[in-house]
Each structure stands twice: as structure tokens, then as C-alpha cells.
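To keep things clear, I will list the structure first and then write my remarks on it.
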Amino acid sequence: MASRSRSLIDRPLIILSAPRAGSTLLFEALAKHPNLWSIGGESHALIEHIPGLSTLKRGYVSNRLEKIDASSEVISLLHSKFLKQSINHNGNQYTSEYGSIRLLEKTPKNALRVDFLNEVFPDAKFVYLVRDPLENVSSILDAWRSKRFITYPSLPLWPKNQWSLLLSDNWKDYLGSSLVEIATHQWTNANKSIIDSFEKIDSNRVTTVCYQDLVNTPNFTLNKIYEFADLELIPNNSSMSSTLPLSRYTLTTPQADKWLKNKTDLSQVRSQIEDGLKPVNEWLNKNGLEPFLSDISVRFSAEKLSSIDCGSVEPRQSRNEICACGSGKKFKYCHGKLR
């Protein structure tokens with residue numbers, strides 16, 4: 001029965017990213033594909049209710065799980081649990097009559113569990129979602145302050161008592177640190193862990209997507225993922241408009257350079273962000289994608305877009321050049337888009 005359960009999940013599609021990188025947005029868009037199944041949300045409870053995988057029972061070291069944690073019993077149980085809770089795009093519950101399915105999975109903690117998941121699902125395909133570093137760290141900081149993303153309300157030794165989002169490696173080293181330092185560490189730890197694990201996985205099982213591309217060209221980006229995952233393409237996807245709907249975990253309406261409201265905090269961790277960005281940019285370069293602006297200090301000279309005179313930006317500027325306003329974004333994603 002165990003081997004039968006395992007074979008019923010075929011080439012699952014697993015989204016990986018740092019917290020608050022837009023993975024929920026991507027998950028909700030992909031979940032509309034007629035050939036994908038999911039448990040409808042994140043798998044925190046599904047995974048951590050299995051004896052031996054509980055963060056609490058493992059002493060709150062971190063959310064990390066390794067290959068060694070994927071015993072044959074754990075693998076069988078996870079496959080059975082995912083199947084039992086899976087639903088399709090119409091909300092139909094999985095039954096054995098459907099046979100094998102393509103599972104879609106997304107949970108931020110999975111950034112620290114890639115080796116484990118690769119053992120559980122050796123034919124999995126991974127989608128790595130990356131987001132502009134300042135936007136991402138700023139969003140993590142906002143999530144902490146909102147108190148809507150508390151994952152551990154009574155974390156031992158944590159003086160602030162309530163911990164939000166990913167329980168990163170070496171979190172105890174940040175007991176006396178500021179929230180922006182913790183947010184930066186979560187972002188850095190998640191991305192580095194993903195990239196390090198990818199070095200051990202065949203490249204044809206991994207694709208990388210930039211959050212800005214998902215937002216600006218959703219249909220094209222989703223079809224790129226479908227092609228990578230061997231799923232039917234959906235030309236002129238009728239379920240998608242030219243813009244994606246807000247995800248269920250959106251705090252405030254997205255807008256250009258929203259991170260600037262946290263500019264003072266982010267400037268305090270500029271060097272840490274630049275260090276954390278190095279492996280991300282190396283990965284992007286290696287995979288033929290454009291890296292993010294590595295000199296973060298340039299970004300802090302930007303003013304809020306609403307106060308910029310669009311007429312002062314050279315109208316003949318190449319759309320693929322960095323916008324002259326100082327935002328660090330390509331012109332086509334900045335003032336070239338807004339005008």
C-alpha cells in the first residue's frame with residue numbers, strides 16, 4: 001500500500017522562495033491549472049504533525065529538515081497525507097479513481113527542506129522564486145510588525161516571545177538584534193539554503209522565476225513554468241487578466257518602491273543585504289537571468305516615485321537600462337511602465 005501511495009504522486013511541482021517573496025501569489029495562480037492538485041494551502045501541519053519532524057519536538061533548532069529525516073516510513077506517510085488532502089482546481093477531493101496526480105506544493109519553511117523534499121519526491125520539479133532584495137526584506141519586516149504571521153507564539157529563549165515566519169538556522173544568534181537584522185537573516189538563510197541544495201539536483205529539475213516578471217507578464221511567466229513542468233500550456237489564459245489578483249496574505253496594496261517606507265531600517269543592514277545577494281546574483285547569472293543591482297547604496301538615493309517628475313527621466317532611455325530615477329529597476333519596469 002505504501003509503494004502504491006508513493007507512485008500516485010507524479011513529478012510534484014514545488015515552489016521555493018524566501019518568506020514574503022510572492023510564493024502565495026504564484027501558488028494561487030498555478031493552482032488554477034486543470035492538471036495540478038494541491039492541499040489548498042501550506043503544509044506546515046501536514047509535515048510537522050509527523051513524529052520526528054516537529055520543530056517543537058526537535059528543540060526549536062530551526063525549521064530545517066535533512067535527507068536523513070526522510071525515512072521510508074516518513075516518505076510513505078507524507079505521500080499518503082498529501083493524497084488524502086489534495087484537491088483540484090474545481091475543489092474536488094482526491095480519490096483513488098483519479099489515479100496518479102501532479103501535486104503542487106508551497107510552504108516557506110521548505111526553503112530549509114530541499115534535501116528532505118528531494119528524498120521524499122525524487123522526481124520533483126522545483127520552481128525557485130526570487131524577489132528584489134530590498135522589496136523582499138522590507139516585506140518580511142512589515143510581516144513581523146503586523147503580527148499576522150506569528151509561527152511560534154511562545155518560542156523558548158526568545159525575549160520578544162512571538163516569532164514570525166521562518167525559524168531560520170542560528171536564530172539564537174539574533175537574540176539581541178533588531179527586527180530588520182532578523183528579517184535580513186531570514187531572507188539570506190532561505191535563499192542560500194535553496195541555492196546550496198540545488199547544486200546537488202539535476203539542473204533540468206529546477207527553474208528560476210523573478211517576482212517582477214510574474215507581476216508584469218503573468219501569462220507568459222506561468223506558461224514558462226507549465227512548459228518546464230511538462231504541463232499543458234494555456235494560451236491567452238482566460239483565468240488570468242493582464243494583472244494577477246492579490247494573494248490571500250497581501251498586507252497592503254502593491255505599489256512601486258513601497259520598500260522606501262522602511263528605507264531608514266534597511267540602510268542599517270545594507271552590507272548584510274549585499275552579502276546575502278551575492279549567491280542569488282551568482283545563481284541568476286549562472287542560469288542566464290539578469291542579476292539584481294549589487295550596489296544597494298545606489299538604491300537609497302531614490303525618492304518616492306510619486307514625487308518624481310516623470311518628465312525629468314530621459315524619454316529615449318532604453319527600456320532595458322536601469323531607470324535614471326535611481327530606483328535600481330529597469331526603465332520598462334519603472335518610469336517606462338508608469339507613463
Side-chain angles (χ1 to χ4, degrees), residues 1-17 23-55 57 63 65-111 113-127 129 197 201-202 204-207 222-223 225-234 237-240 247-248:
M1 180 65 182
S3 60
R4 171 176 165 76
S5 294
R6 290 177 62 180
S7 66
L8 291 175
I9 297 179
D10 174 38
R11 293 165 296 156
L13 189 61
I14 301 176
I15 300 169
L16 300 169
S17 74
S23 60
T24 300
L25 185 70
L26 178 57
F27 173 84
E28 291 175 351
L30 288 172
K32 296 178 182 179
H33 193 283
N35 298 127
L36 285 175
W37 294 69
S38 75
I39 64 170
E42 297 175 352
S43 61
H44 305 282
L46 185 149
I47 292 176
E48 294 184 48
H49 283 178
I50 293 178
L53 303 186
S54 166
T55 301
K57 293 183 179 179
N63 287 142
L65 292 174
E66 302 283 6
K67 178 179 178 180
I68 194 173
D69 297 307
S71 66
S72 58
E73 293 79 10
V74 164
I75 292 173
S76 295
L77 190 53
L78 275 175
H79 279 253
S80 296
K81 281 175 167 282
F82 272 110
L83 282 172
K84 185 177 180 179
Q85 297 185 33
S86 286
I87 57 175
N88 64 12
H89 69 295
N90 289 322
N92 297 327
Q93 197 75 34
Y94 174 80
T95 66
S96 59
E97 296 176 356
Y98 286 102
S100 64
I101 61 172
R102 300 296 304 277
L103 178 71
L104 174 66
E105 158 64 1
K106 170 263 173 184
T107 302
K109 294 175 183 177
N110 287 346
R113 297 172 174 172
V114 184
D115 293 342
F116 170 79
L117 291 170
N118 189 45
E119 188 71 9
V120 174
F121 301 113
D123 60 347
K125 286 181 171 279
F126 297 95
V127 180
L129 180 65
S197 291
I201 297 174
D202 289 343
N204 62 0
R205 293 174 53 208
V206 175
T207 192
L222 291 175
N223 273 323
I225 296 173
Y226 299 150
E227 184 174 15
F228 156 76
D230 302 316
L231 291 164
E232 179 185 354
L233 302 187
I234 306 180
N237 191 343
S238 60
S239 66
M240 288 292 158
S247 78
R248 72 187 82 171

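What you see below is based on every heavy atom in this structure, not just the backbone, and it leaves out hydrogens, waters and symmetry mates. The structure presented is a predicted model; accordingly, all values stated were derived computationally and were not measured.
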Q: Might you point out which heavy atoms bring K106 and S23 nearest each other, and give the distance in Å?
A: CE-OG, 2.7 Å

Q | Where E119 and A70 come nearest, the two heavy atoms and their spacing | A | CG-CB, 3.6 Å

Q | Test item: N88 and Y94 side chains (from C-beta on) under 4.5 Å apart, heavy atoms | A | no

Q. On the ring face of F228, is K125 found with NZ or CZ under 6.0 Å from the centre and within 45° of the axis?
A. yes

Q | Qualifying residue for side-chain contact (heavy atoms from CB on, under 4.5 Å) with H79, from L103, L8, V120 | A | V120

(Q) Donor-acceptor pair, distance only, cut-off 3.5 Å: does the side chain of N110 make one with the backbone of R113? (A) no

(Q) Please find the pair of heavy atoms, one from A111 and one from L16, that lie closest to each other, and give the distance. (A) N-CD2, 4.3 Å

Q) Would you call Y226 and L30 a side-chain contact if the rule is heavy atoms closer than 4.5 Å? A) yes

Q. Between the main-chain N or O of E232 and the side-chain N or O of H33, is there a donor-acceptor pair closer than 3.5 Å?
A. yes

Q: Establish, from distance only, whether the side-chain atoms of E105 and S43 form a donor-acceptor pair under 3.5 Å.
A: yes

Q: State the CG-CG distance between L46 and L77, to the nearest 0.5 angstrom.
A: 8.0 Å

Q) Do W37 and F82 make the cut of ring centroids closer than 6.0 angstrom? A) no

**Q.** Spacing of CD1 belonging to I9 relative to CG belonging to D123, to within rounding of 0.5 Å
**A.** 9.5 Å

Q) Which heavy atom in R102 sits nearest to a heavy atom in D230, and how many Å separate them? A) NH1-O, 3.8 Å

Q. Just how far is it from atom OG of S100 to atom CG of L83, taken to the nearest 0.5 Å?
A. 10.0 Å

(Q) With a 6.0 Å cut-off (strictly less than), is the heavy-atom count around NE2 of H44, excluding the residue itself, greater than 12? (A) yes

Q) What distance separates L233 CG from N223 CG, expressed to the nearest 0.5 Å? A) 5.0 Å

**Q.** Heavy-atom pair with the smallest gap, counting every atom of E66 and D115
**A.** OE1-OD2, 3.8 Å

Q.
Any heavy-atom pair between the side chains of I201 and V114 that's under 4.5 Å?
A. yes

Q: Output all residues satisfying side chain to side chain contact (heavy atoms under 4.5 Å, CB included) with L53, sequence neighbours left out; order by chain, then residue number.
A: I47, I50, L65, D69, V74, F116

Q. Closest approach of A31 and L104, non-hydrogen atoms and distance?
A. N-CD2, 3.6 Å

Q. Hey, what do you get for CG (N92) to OG (S86), rounding to the nearest 0.5 Å?
A. 12.0 Å

Q: For the residue pair I225 and L26, establish whether any side-chain heavy-atom pair is separated by less than 4.5 Å.
A: yes

Q: Assess whether atom NZ of K81 is packed by more than 12 heavy atoms of other residues, nucleotides or ligands within 6.0 Å.
A: yes

Q.
I101 vs D10, test: side chain to side chain contact (heavy atoms under 4.5 Å, CB included). Steps then yes/no.
A. CA-CA 6 Å; I101 61 172; D10 174 38; over 6 Å; no

(Q) Distance check, rounded to the nearest 0.5 Å: I39 atom CD1 versus I87 atom CD1? (A) 9.0 Å

Q | salt_bridge(E48, K109) N-O dist < 4.0 Å | A | yes

Q) Side chains of N118 and F126: closer than 4.5 Å at any heavy-atom pair? A) yes

Q. Does CD in Q93 sit with more than 12 non-hydrogen atoms of other residues, nucleotides or ligands closer than 6.0 Å?
A. yes

